[in-house]
Amino acid sequence: WEREGRDVLKSLPHVRQEWCEWASPYQAELVGLVAVGGWRNLLLNWKAGSGKTIGSILAAESVPGPKIYVVPSKVRPGWSREVEACVGEKPFVCMPVTKGVGPTGLIHYLRNCKLEGKAARVVVGIEYLSYWAEILKNAKPTSIIIDEVDLIANAKTTKAKFNQDSSVTFNKKRSAKNNRKIRSVSVRELRDLESVELCMTLTATPIYDGVPKKFFPVADLTWPYILGFGEYHFGGRYCGGKRGEYGLIFPKGTNIPELKRLSTWFMHRVTSKEALAGLPEISYKLLYVKKENQTKGIRFNKKYTYNQALAAAHKDPEIPPAAEIRSAYVCELARDAVIDEAVAEVVSGGRCFIMVERIEQARIWYEKIAKKIDRRMNKGTAKPSVHLAIGEGMTPEERYEEINRYNSNPSGACMVGTRHAMGQGVDGLQQPTLAIIYPPPNAAMLEQAMGRFNRKGRKVRTVIRVICVEGSHMEDQLKRLGTGLKLFGVFFEDSSFSK
């Protein structure tokens, strides 16, 4: 279907013609499947960094009529940017009245699109979909695109109410906080509109933890009733459902080959090998911090040393759990070594991306890297920039703007961010020459962290360094992961690691 897809893209006047060549084979194939093959209910199981956003936008443009993009709120700026890159026009992004937009702005936008004969394109955050749902329903959308559907879909959308006359009524679930419909109810109502001709749902992880319990609501939202039975029977057949001490439990995946065959009717899959083929080489190394190079004289805060904080973790409500304190301590032990690596890289004109666990470490490292660069550079010379991306205190728009500044400095740049802030859907970090990662606890989370920069569009050779602090619990953890998991094992070919 690739050839048909490229022909369709050539025939769409509102899509930039460069995409006829820019689209990857599987993105063009998706357009062909939708426009020519007639596939109108699709789950895109494309690996992180494969271009799901662009692919779904191009496919949706082949279906005339209004288009609604339902996405997590923190990735609205990314979707807005990608829609504009595909069609040359900014979509309407649903924002609250406090941001100067509000429902009135959406009504005017939809009315103007109708008067001008243009297809409306609306990006709405799933967390606040219920506020906009009635207006969007009246727009009669023909295409619904749902991003990160595994976080949105929920099989339990109704709640039973026992009446005084012994009858039972079922009402759609509402939030206990504001009495509005929960997000899975709102998105299902939108998806079930008669006007909807195309529904595409996006996720890199439709089945995780080895148990496909969450897959049922994802499949049912993508194509209602496609599996032919309800959640109860699905759990029994494919999740090893059995009676436990307190009710049914679903301990393992069962009959998975059969489930895979069923999913071929509505799932389009792209592997990492397909998505990242042809990208420049990546080198994997440990950043092994020996005891003599570890940061000295560090404290948890003015009140506690790290050892005191660990001892007080169970009784002082103002400090985090012991596991977080231990993680922060190991992170701080590596601080000076990481800063030296990062400054050396960016002063030579490279781009360094540092991913840490906690906001406090991100702020400290950001300030110290900036000061060290100032001391290293001569006055009057162009110098690298340092950027911070965290969740608390920064809006999604501010994070994307910071990433744009990071990408635009020709003299090199360093980005420091937390794994959560740099997680789900944050794009624009593809070009680091050095990436330093505080090690996540398992291979899946490490792969997700690497997916922030090892993604479609990367044009430079990258060195990935995972932090390992000598003498810490992390060292033993990494040894175990290195012997058991291939993804971690690649870092242990480095001769600096003491076996």
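Nothing here was measured: the structure is a model prediction, and the numbers come from that model. Just so it is clear, the values below take in all heavy atoms, side chains as well, and ignore hydrogens, waters and symmetry mates.
Using a cutoff of 4.0 Å between basic side-chain nitrogens and carboxylate oxygens, Arg358 and Glu360 are not scored as salt-bridged. Ion pairing between a basic and an acidic side chain is recognised when a charged N comes within 4.0 Å of a carboxylate O; Lys290 and Glu470 show no such pairing. Ion pairing of Glu332 with Arg335 is present here, as a side-chain N (NZ or NE/NH1/NH2) and a carboxylate O approach within less than 4.0 Å. A salt bridge links Arg188 and Asp220; the closest N-O separation between the charged side-chain nitrogens and carboxylate oxygens is under 4.0 Å. A salt bridge does not link Arg351 to Glu345: none of the charged side-chain nitrogens sits closer than 4.0 Å to a carboxylate oxygen. A salt bridge links Glu402 to Arg405: at least one charged side-chain nitrogen sits closer than 4.0 Å to a carboxylate oxygen. Between Asp340 and Lys372, at least one side-chain nitrogen of the basic residue sits less than 4.0 Å from a carboxylate oxygen of the acidic one, meeting the salt-bridge criterion.
Looking only at atom types and distance, the side chain of Arg81 has a donor-acceptor partner in the side chain of Asn404 under 3.5 Å away. With no hydrogens or angles considered, no side-chain donor-acceptor pair links Glu324 and Ser327 at under 3.5 Å. For the residue pair Thr222 / Thr201, a side-chain donor-acceptor distance below 3.5 Å is found, with atom types taken as modelled. Side-chain atoms of Thr53 and Glu82 form no donor-acceptor pair, as typed in the model, at a separation below 3.5 Å. There is no side-chain donor-acceptor pair under 3.5 Å between Glu475 and Ser472.
Counting only distance, with no hydrogens or angles, the side chain of Tyr26 and the backbone of Ser50 share a donor-acceptor pair below 3.5 Å. Side-chain atoms of Arg76 do not come within 3.5 Å of backbone N or O of Gly125 as any donor-acceptor pair. Side-chain N or O atoms of Thr295 include one that pairs as donor or acceptor with a backbone N or O of Asp336 at under 3.5 Å. A side-chain donor-acceptor contact under 3.5 Å links Trp19 to the backbone of Ala85. The backbone N or O of Gln294 lies less than 3.5 Å from a partner atom in the side chain of Lys296, making a donor-acceptor pair. Without hydrogens or angle criteria, Arg461 side chain to Thr433 main chain gives no donor-acceptor distance under 3.5 Å. Side-chain N or O atoms of Arg183 include none that pairs as donor or acceptor with a backbone N or O of Ser130 at under 3.5 Å.
Within the 4.5 Å cutoff, no side-chain heavy atoms of Ile126 are placed close to those of Ser73. Side-chain contact between Tyr400 and Met394: absent, with no pair of heavy atoms (C-beta onward) separated by less than 4.5 Å. Annotation: side chain of Lys242 is in contact with side chain of Ile249 (closest heavy-atom distance under 4.5 Å). Side-chain contact check for Tyr288 versus Val469: every heavy-atom pair is 4.5 Å or farther apart. Side-chain contact between Tyr329 and Phe300 is absent, with no heavy atoms from C-beta onward closer than 4.5 Å. Between Tyr366 and Ile364, every side-chain heavy-atom pair lies at or beyond the 4.5 Å cut-off. Under the 4.5 Å side-chain criterion, counting only non-hydrogen atoms from C-beta, Tyr406 is in contact with Leu429. Looking at heavy atoms from C-beta onward, Ile464 lies out of side-chain contact with Ser283 at the 4.5 angstrom threshold.
Ring geometry, Tyr69 versus Trp79: the interplanar angle falls from 30° to 60°, so the pair is classed tilted. The aromatic rings of Phe453 and Phe353 stand perpendicular to each other, their planes meeting at an angle above 60°, with 30° marking the opposite boundary. Taking the six-membered ring where tryptophan is involved, the planes of Tyr128 and Tyr131 are tilted, since the angle between them lies from 30° to 60°. Between Phe92 and Trp132, the angle of the ring planes goes over 60°, which puts this pair in the perpendicular group of the 30/60° scheme.
For CD of Glu318, the number of neighbouring non-hydrogen atoms (other residues, nucleotides, ligands) closer than 6.0 Å is 12 at most. Within a 6.0 Å sphere centred on NZ of Lys273, heavy atoms belonging to other residues, nucleotides or ligands number 12 at most.
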Could you walk me through whether Val101 and Val93 pass the side-chain contact (heavy atoms from CB on, under 4.5 Å) test, one step at a time?
CA-CA 9 Å; Val101 185; Val93 180; over 6 Å; no
Could you walk me through whether Lys52 and Asp147 pass the salt bridge (charged side-chain N to carboxylate O under 4.0 Å, His left out) check?
CA-CA 9 Å; Lys52 292 191 294 292; Asp147 191 20; 5.8 Å; no
Give the intermediate values and the outcome of side-chain contact (heavy atoms from CB on, under 4.5 Å) for residues Leu287 and Val466.
CA-CA 6 Å; Leu287 177 53; Val466 165; over 6 Å; no
How far apart are the C-alpha atoms of Leu286 and Arg465, what are their side-chain angles, what is the distance that settles it, and do they pass the side-chain contact (heavy atoms from CB on, under 4.5 Å) test?
CA-CA 5 Å; Leu286 281 175; Arg465 304 201 71 174; 5.8 Å; no
Using side-chain contact (heavy atoms from CB on, under 4.5 Å), reason through Glu148 and Leu202 one step at a time and then give a plain yes or no.
CA-CA 6 Å; Glu148 300 294 346; Leu202 285 58; over 6 Å; no
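A distance of 9.0 Å separates SG in Cys331 from CG in Leu333, rounded to the nearest 0.5 Å. Here Ser56 contributes atom OG and Ile145 contributes atom CD1; the two are 5.5 Å apart, rounded to the nearest 0.5 Å. Atom CD1 of Ile369 sits about 4.0 Å away from atom SG of Cys414, to the nearest 0.5 Å. Remark: Asp150 CG to Thr203 OG1 distance equals 3.5 Å, nearest 0.5 Å. Between atom CG of residue Leu221 and atom SG of residue Cys199 there is a gap of 6.0 Å, rounded to the nearest 0.5 Å. Within the model, atoms CD1 of Ile144 and CZ of Arg191 stand 8.5 Å from one another, a figure rounded to the nearest 0.5 Å.
Between Thr254 and Cys239, the shortest heavy-atom contact is OG1-N, 3.5 Å. In plain terms, the two heavy atoms of Val346 and Pro384 that are nearest each other are O-CG, 3.2 Å. Scanning all heavy atoms of the two residues, the minimum distance from Ala370 to Val386 falls at CA-CG2, 3.8 Å. Scanning all heavy atoms of the two residues, the minimum distance from Val289 to Ala334 falls at CG2-CB, 3.9 Å. Of all heavy-atom pairs between Met355 and Thr418, the closest is CG-C, 4.3 Å.
Relative to the ring axis of Tyr306, Arg299 does not place its NZ or CZ within 45° and under 6.0 Å from the centre.
For Phe234 and Tyr238, the distance between ring centers is under 6.0 angstrom.
For Lys181, the side-chain hydrogen bond (donor to acceptor under 3.5 Å, both in side chains) partners two or more places apart in sequence, or in a different chain, are Glu189.
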